[in-house]
Every structure is written in C-alpha cells, then in structure tokens.
Amino acid sequence: MRYNQIPNSLFIKNRNNFTARMKANTLAILTSNDVKHNNADDVMGFTQNNDLFYLCGIDQEETLLVLYPDATKKENREILFVKETNEQIKIWDGDKLTKEQATEISGIKRVEWIQDFEKVLQLMAFEADGIYLGHNEHIKRVTHNQQTQQDRMIAWCKEKYPLHEYHRAAKITRDLRLIKSEEEIALMQQAANISVESFKRVLKACKPNMKEYELEAELSYNLIKSGATRHAFKPIVASGKNACALHYNTNDAVCKSGDIILLDFGVCYANYNSDTTRCFPVNGRFAERQKEVYSAVLHCLKEGSKLLKPGVLSSDYETQMAKLVETELIKLGLLKAEDVANQNPEKPLYKKYFMHGTAHHIGLDVHDVGLYSQVLEPGMVLTCEPGIYIPEEGIGCRLENDYLITKDGNINLTEAMPIEINEIEALMNSLS
Ligand code: GLY
Ligand code: MN
Ligand code: MN
C-alpha cells in the first residue's frame with residue numbers, strides 16, 4: 001500500500017462501536033465494492049467501500065466482513081473473507097493479501113477465503129434473528145442503472161433467508177463516521193498537507209497560454225509523488241468564465257492572461273480526503289475587479305467559518321452564510337439593497353450569483369455520510385465554501401477550506417494553503 005499501515009486498533013475500536021449499536025442476536029454483512037469495468041477487458045480501477053474499510057481497513061476487492069457479536073461460538077463473532085490468490089492472479093496482478101496479512105491489517109483473527117462465504121454463513125444464519133446489510137444512503141446517489149455488490153448481497157440474502165429481519169448498517173456507520181477519531185484526523189491532515197504542497201506547485205507553474213490540463217498535470221504529479229492514493233475527485237481547473245460552471249472538469253481551455261483560475265481539488269490519502277478551492281490570476285496579478293470579488297468571498301469564508309462550532313445547526317449556518325454573501329453582492333453592485341429588502345424569501349436574489357450549499361461533511365467520502373439535521377459536534381469535519389459567480393464578467397470565485405469542529409470552535413486543517421491575495425501574488429512571482 002502507498003500509505004503507512006494504519007494501526008489495527010482503529011478498526012477494532014470502530015467494530016466495537018458498531019457492534020455495540022446492533023440489535024440483540026443479529027449479524028452484519030458488509031461487502032467491498034466492484035472493480036469498475038471500462039471497455040473490453042480494461043478496468044477503471046478500484047475504490048473500496050468506505051463502510052467496509054472503516055470496519056476492517058482492507059483495501060482489496062472481493063472482501064466480505066461478517067460481524068455476529070452474540071454468536072454462541074466465539075470464532076463466529078468476527079469473520080473476514082478475502083480473495084484467495086492463485087498462479088494466474090500472481091502472474092497477472094501480483095500479490096493479494098494472505099490470511100495473515102488480512103489479520104494484521106484488520107485485527108480480525110478468523111480469516112476465510114471468499115469462496116467459502118455461503119457455506120460458513122449457512123452455519124450461522126439460523127442462529128441469528130436479523131441481518132444488517134450495507135446500502136448507499138447518500139441523498140444525491142442515483143443507483144437505478146448501477147447495481148452494486150451491496151445491491152446483489154441484499155437480493156441474495158433476502159431470497160436465501162426470507163424470514164429474517166433486515167436492518168440498515170448505514171444507519172449505524174453514518175453516525176459513527178460523522179465523528180472523526182484522532183487517528184482519522186491525522187490521516188485527513190496528511191491529505192491536507194499534500195494538497196498544500198500541490199497547490200504551491202500549480203501556482204509556480206502557472207503561465208499565460210497554458211492549457212488548464214497542464215495545471216492539472218502539475219497537481220497530479222505532486223499528489224502521486226507525495227504518496228496520495230489518487231485525486232479525491234476529478235479536479236476542476238477552470239479559467240475565466242469556465243469557473244461559473246460549478247462542476248466544470250474538462251480542463252481543456254487555454255488560460256488567458258487577465259483571467260483568474262478556479263482550482264477545486266481534493267487529495268485522497270489512505271482513503272481519507274481533503275477538498276479545497278483556491279482562485280489565482282493566470283498572469284500572477286489580480287485585476288482590481290477580481291480583487292474586489294475575491295476579497296468579498298474571502299470575507300465570507302473568514303466570517304462564515306466562525307459559525308462552524310458545536311451546537312450550530314447546519315441549516316442556520318447555511319442561512320447565515322447566505323446573508324453574508326448577500327451583503328457582499330450588494331457592495332459589489334450586483335444586487336440592489338432595495339430589491340433585496342423586497343425579495344420573495346422563497347426565491348432570494350443572491351442565488352443568481354451563489355447557487356450552491358456552503359458545507360458538507362468530509363472524511364472517507366468527499367461528500368461524507370451524515371444527516372444535516374444534527375447540530376455540529378466536536379470531531380465532525382466540514383468544508384466551508386462560499387462563492388460568487390458572475391458569468392457576464394467572466395469571473396467565478398470560490399474559496400474552500402476543511403474545518404475540524406473542536407469543543408471551543410474549529411481548526412482549519414487546510415490553514416497552510418495560501419489564500420491571501422498578497423501571498424498568492426508573491427508565490428506566483430517568486431523566482432524559485
Ligand atoms: N468539489 C466538490 C465540492 O467542493 O464539494
Ligand atoms: Mn466541497
Ligand atoms: Mn471542492
């Protein structure tokens with residue numbers, strides 16, 4: 001693996017917290033993700049299922065985890081199933097985990113080969129009253145045309161064991177994963193640190209007439225060289241008016257002198273993520289109007305992020321941020337105070353220039369699990385990402401940091417990433 005092995009005490013603790021919330025005499029089955037196929041025999045790569053990873057740390061395809069804390073036989077309380085290697089796999093793909101390695105990573109003593117899963121489960125299933133299964137419960141997830149391993153496991157279990165009670169593992173993991181442990185915060189800080197250095201490399205490389213993808217390449221170079229697993233998502237390198245398309249990522253335009261670039265990127269390190277956005281001028285100097293817009297967004301970020309503290313409701317935080325942006329839009333001459341005073345509250349005018357939410361949880365997923373109806377608590381990590389988008393002026397500006405909620409307020413995990421106008425200009429114009 002590219003990252004230093006995570007002490008298995010983290011996964012043991014996570015499993016203890018998970019099983020403590022299971023109903024009496026139930027078992028849980030967690031699946032890995034599929035290896036996604038492209039065309040012919042090409043594969044798009046593999047990303048582990050985050051609930052499975054959270055509970056055992058195994059980063060390999062074809063893995064299953066069974067937890068049955070009330071099993072009468074002690075050896076049935078935790079069983080990990082992994083892929084058995086063979087000569088063909090060794091020749092084509094190289095090493096797969098041995099049972100001993102799987103135990104070392106996960107802290108689970110009993111490891112079996114995945115082909116024995118059905119047989120082993122059959123010996124346990126009728127002792128249990130209910131079964132917890134994983135499912136993607138993200139509110140924006142569209143699954144109708146993509147069957148996942150979780151979907152197949154649900155269908156298989158319900159056919160094979162129709163009279164058991166079924167429960168949602170995601171209801172437990174979304175609560176647990178919301179509050180990050182010290183070990184997880186250290187991994188997220190590592191992702192953030194890699195992102196800081198990667199951003200500085202992009203700033204120094206940026207010159208007029210480069211293609212956006214050349215800056216993407218600088219970013220990718222630094223990420224991979226620093227031991228990141230991958231980009232947390234396809235980076236957005238959007239110059240000029242491209243920055244007004246919120247999820248622009250074709251990154252194929254020429255960066256013109258006089259434009260600013262919006263760079264929204266994330267680093268995935270040991271499966272934990274950062275998510276940051278910075279804006280900078282192609283030619284190394286902000287024009288006056290760009291400075292005005294940038295300073296307005298920076299003000300909203302600085303003031304808005306102060307609201308990230310224990311006891312605050314996400315919806316109140318979003319409302320307050322909208323107010324901050326609204327005030328800045330009036331100062332920038334984009335909205336009239338009088339129109340704002342008379343606006344339809346159902347259709348606030350600021351949405352013309354600021355059309356997205358301000359925060360999301362982040363962790364093993366970039367848009368991490370968790371309900372937004374809960375108040376903020378220490379250990380949560382959220383982004384703060386205000387923006388102002390003015391297509392008619394060719395300016396799109398968003399600034400984004402990642403904040404750990406603490407008992408007194410928050411800590412900016414991405415503090416070291418340059419953000420002040422003078423810092424950015426100085427780095428872009430330095431000789432080294
Ligand atoms: N890049 C996606 C986001 O900022 O949420
Ligand atoms: Mn974000
Ligand atoms: Mn982002």
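Quantities reported herein were computed from a predicted structural model and do not represent experimental measurements. Just so you know, residue 1 is the first one in the sequence shown, and it goes up from there. These numbers come from the heavy atoms of this one structure, side chains and all, not from hydrogens, waters or symmetry mates.
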Exercise. Atom NE2 in His231, atom CG in Leu219: separation rounded to 0.5 Å?
Worked result: 5.0 Å

For this session: Taking atom NZ of Lys96 as the centre, report whether more than 12 heavy atoms of other residues, nucleotides or ligands fall under 6.0 Å from it.
Result: yes

Exercise. Looking only at heavy atoms, what is the nearest atom pair of Ile58 and Leu80, with distance?
Worked result: CG1-CD2, 3.8 Å

For this session: Could you go through the side chain to side chain donor-acceptor pair (under 3.5 Å) check for Gln343 and Asp339 one step at a time?
Result: CA-CA 6 Å; Gln343 70 190 352; Asp339 294 343; over 6 Å; no

Exercise. Without hydrogens or angle criteria, can the side chains of Asp34 and Gln149 be said to hold a donor-acceptor pair below 3.5 Å?
Worked result: yes

For this session: Please check if any side-chain donor atom of Asp275 sits under 3.5 Å from a side-chain acceptor atom of His360, or the reverse.
Result: yes

Problem set entry | Geometric class of the Phe117/Phe81 ring pair [parallel <30°, tilted 30-60°, perpendicular >60°] | perpendicular

Exercise. Just by distance, with hydrogens left out, do Asn401 and Thr414 show a side-chain donor and acceptor under 3.5 Å apart?
Worked result: yes

Problem set entry | Ser32-Glu61 side chain donor-acceptor pair, cut-off 3.5 Å | no

Problem set entry | side chain to side chain contact (heavy atoms under 4.5 Å, CB included) against Asp316, all qualifying residues, sequence neighbours excluded | Leu313

Exercise. Counting heavy atoms not belonging to Asn4, are there more than 12 under 6.0 Å from its CG?
Worked result: no

Problem set entry | Glu392 CD: over 12 foreign heavy atoms closer than 6.0 Å | yes

For this session: Consider only side-chain N and O atoms of Glu212 and Asn242, and report whether a donor and an acceptor are under 3.5 Å apart.
Result: yes

Exercise. Just checking, is any N or O donor in the side chain of Arg230 or Asn273 under 3.5 Å from an acceptor N or O on the other one?
Worked result: no

For this session: Check the surroundings of atom OH in Tyr221: do more than 12 heavy atoms from other residues, nucleotides or ligands lie under 6.0 Å from it?
Result: no

Problem set entry | Side-chain donor-acceptor contact under 3.5 Å, Arg2 with Tyr269 | no

Exercise. Looking only at heavy atoms, what is the nearest atom pair of Ile261 and Cys255, with distance?
Worked result: CD1-SG, 3.7 Å

Exercise. Does atom NZ of Lys13 have more than 12 heavy-atom neighbours from other groups under 6.0 Å away?
Worked result: yes

Exercise. In terms of heavy-atom contacts, does NZ of Lys23 have more than 12 from other residues, nucleotides or ligands at under 6.0 Å?
Worked result: no

Exercise. Between Tyr166 and Tyr161, is the ring centre distance below 6.0 Å?
Worked result: no

Exercise. What heavy-atom pair brings Met22 and Tyr132 nearest, and what distance separates the two atoms?
Worked result: CA-OH, 3.5 Å

For this session: Using a strict 4.0 Å threshold on nitrogen-to-oxygen distance, state whether Lys83 and Asp93 make a salt bridge.
Result: no

For this session: Answer yes if the ring centres of His361 and Tyr372 are under 6.0 angstrom apart, and no otherwise.
Result: yes

For this session: Please name the pair of heavy atoms, one in Thr26 and one in Tyr68, separated by the smallest distance, quoted to 0.1 Å.
Result: O-CD1, 3.3 Å

Exercise. Do you see a donor-acceptor pair shorter than 3.5 Å between the side chains of Glu127 and Thr72?
Worked result: yes

Exercise. Among side-chain atoms of Ser181 and Glu184, is any donor-acceptor pair under 3.5 angstrom?
Worked result: yes

Problem set entry | Residues Glu75, Arg110: salt bridge by 4.0 Å N-O rule | no

Problem set entry | Rounded distance (nearest 0.5 Å) linking atom CG of Leu329 with atom OH of Tyr353 | 7.5 Å

For this session: Using a cut-off of 6.0 Å, state whether more than 12 heavy atoms not belonging to Lys158 lie near its atom NZ.
Result: no

For this session: Identify the two heavy atoms, one from Leu97 and one from Gln101, that lie closest to each other, and give their separation to 0.1 Å.
Result: CA-OE1, 3.4 Å

For this session: Might you point out which heavy atoms bring Cys56 and Leu65 nearest each other, and give the distance in Å?
Result: CB-CD2, 4.4 Å

Exercise. Would you find a donor on one side and an acceptor on the other, under 3.5 Å apart, between the side chain of Asp70 and the backbone of Ala24?
Worked result: no

Exercise. Does Lys241 pair with Asp259 as a salt bridge, N-O distance under 4.0 Å?
Worked result: no

Seminar exercise, completed: d(Ile154 CD1, Ile131 CD1) to nearest 0.5 Å is 11.5 Å

For this session: Give a yes or no on whether the ring-centroid distance for Phe233 and His247 is below 6.0 angstrom.
Result: no

Exercise. If you draw a 6.0 Å radius around CG in Asn344, do more than 12 non-hydrogen atoms from other residues or ligands fall strictly inside?
Worked result: yes

